[in-house]
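Report on the following structure.
Numbering of ligands and ligand atoms starts at 1, following listing order. Predicted, not measured: the structure shown is a model, and the values here were computed from it.
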Amino acid sequence: MRLTFLGTSAGVPTRHRNVSALALERENESQWSLFDCGEATQHQILKSRLSLYRLRRIFITHLHGDHLYGLCGLLASRGMLQADAPLELYGPPGLDSFLRHAMELSQLHLPFELRIRELNAGEILDFGPYRIETVALSHSITSYGYVLIEAPRPGRFDPGKARELRIPEGPLYGRLQRGETIRLEDGRVVAPEEVLGPSRPGRRVIVAGDNDRPELFEPYGTVDLMVHEATYTQADFDRLPRKYQHTTARHLGIVAQEMGVAHLVATHISPRYDTEERVRELYREIREHYSGKLEIAHDFMELSV
Ligand SMILES: [Zn+2]
Ligand SMILES: [Zn+2]
């Protein structure tokens, strides 16, 4: 699957970073999902290779404006595209009321069905090949993390074994790969297990909302990817006259190391880190504690899991 960071700034946009939004595309699916929708997310989509027309699901982590205020404009524009496929919208309680009021007062009528579902902490959404678990986080308002957990995947296709069994190359390979049993022209039956390696565990990806306790994800253990805020370095946080409920780079590094996270992406970067050198301070602070693959997100950064 592929993730595209559409907004990586905390609180307010800067010249180089927009506010929170993250796109997720899965292999062999033409539709995609969006996590959070800060103001002007639709502009970011226009500058990416993503199409608003194909957007199918939106997950909102919490109702703070820097994660939410892009929603009405994005929905209105998707309507103008005459997209008629339903759009699913998930988020904490209050999301439905926020949106219904805004849509009613601005007379926004959508040509597609908008399915809004407010989630409770711990709720699990089953999408077939994967599920999404809702984790309650620690922030000044209700904030969720979403953990995407795939079902186990079939093993890797072994072309050597397929040749040994004299299976003709072509569409039969694909059918075996998808787990189908096939019958050859000479009448022999081949089961997928004969040409596939051992089944592989599904991937696990955490997309966290704002949160000052990353250890809340510890039950998920060694995930393939964790996208989590690191709004400040510890030194800057300690100097703040008023503390907001955010995670520091140091805290995130310690927890990610303990969890055994394979790949960590820090995002939701305070506007004070406005030069490459300042961003490196965040990187170095996490690195002091965490030895896995590490990146500080920037807008339009793409990565594969
Ligand atoms: Zn935020
Ligand atoms: Zn927030």
Side-chain angles (χ1 to χ4, degrees), residues 3-24 33-44 58-74 89-99 102 118-121 134-147 206-217 226-234 236-237 240-252 255 264-274 278-279 282 286 295-301:
L3 282 86
T4 307
F5 290 82
L6 295 170
T8 58
S9 183
V12 295
T14 70
R15 284 162 61 95
H16 302 291
R17 294 181 189 271
N18 197 41
V19 280
S20 289
L22 172 62
L24 183 140
S33 300
L34 179 68
F35 291 84
D36 280 336
C37 188
E39 184 189 342
T41 293
Q42 60 167 323
H43 298 247
Q44 300 291 86
I58 304 176
F59 300 87
I60 299 294
T61 62
H62 65 302
L63 302 186
H64 276 157
D66 58 323
H67 300 254
L68 182 71
Y69 287 168
L71 207 43
C72 293
L74 178 140
L89 182 56
Y90 302 91
L95 181 61
D96 185 273
S97 165
F98 170 84
L99 214 53
E118 294 183 347
L119 302 169
N120 298 311
T134 312
V135 182
L137 302 179
S138 168
H139 194 46
S140 49
I141 58 172
T142 300
S143 180
Y144 291 153
Y146 294 110
V147 185
I206 292 174
V207 179
D210 290 2
N211 176 33
D212 67 357
R213 292 184 60 209
E215 55 273 24
L216 290 168
F217 291 105
M226 182 174 186
V227 178
H228 196 286
E229 65 141 300
T231 307
Y232 312 105
T233 61
Q234 190 65 48
D236 285 335
F237 181 78
L240 289 177
R242 185 180 155 196
K243 311 291 186 203
Y244 295 91
Q245 285 181 271
H246 290 298
T247 295
T248 63
R250 176 176 181 276
H251 188 175
L252 182 61
V255 171
L264 175 65
V265 179
T267 186
H268 198 265
I269 308 301
S270 162
R272 73 192 63 215
Y273 305 99
D274 54 353
R278 290 237 65 202
V279 171
L282 290 165
I286 299 173
E295 286 166 287
I296 308 294
H298 57 82
D299 284 20
F300 303 109
M301 180 173 115

Side-chain donor-acceptor contact under 3.5 Å, Ser20 with Asp66: no
Polar contact flag, side-chain donor to acceptor under 3.5 angstrom, His67-Asp210: yes
N, O or S atom within His268 nearest to the Zn ion (ligand 1), by name: NE2
N, O or S atom within Asp66 nearest to the Zn ion (ligand 1), by name: OD2
Metal-centred angle, the Zn ion (ligand 2) as apex - OD2 of Asp210, NE2 of His139, 10° resolution: 100°
His64 backbone or side-chain N/O/S under 2.8 Å from the Zn ion (ligand 1): no
The Zn ion (ligand 1) to nearest N/O/S of His67 below 2.8 Å: yes
Expected output: side-chain Tyr232 to main-chain His246 donor-acceptor under 3.5 Å: no
Worked verdict on Ser9 versus Asn18 for side chain to side chain contact (heavy atoms under 4.5 Å, CB included): CA-CA 6 Å; Ser9 183; Asn18 197 41; over 6 Å; no
Result of checking His268, Glu229, His228 against Asn211 for side chain to side chain donor-acceptor pair (under 3.5 Å): His228
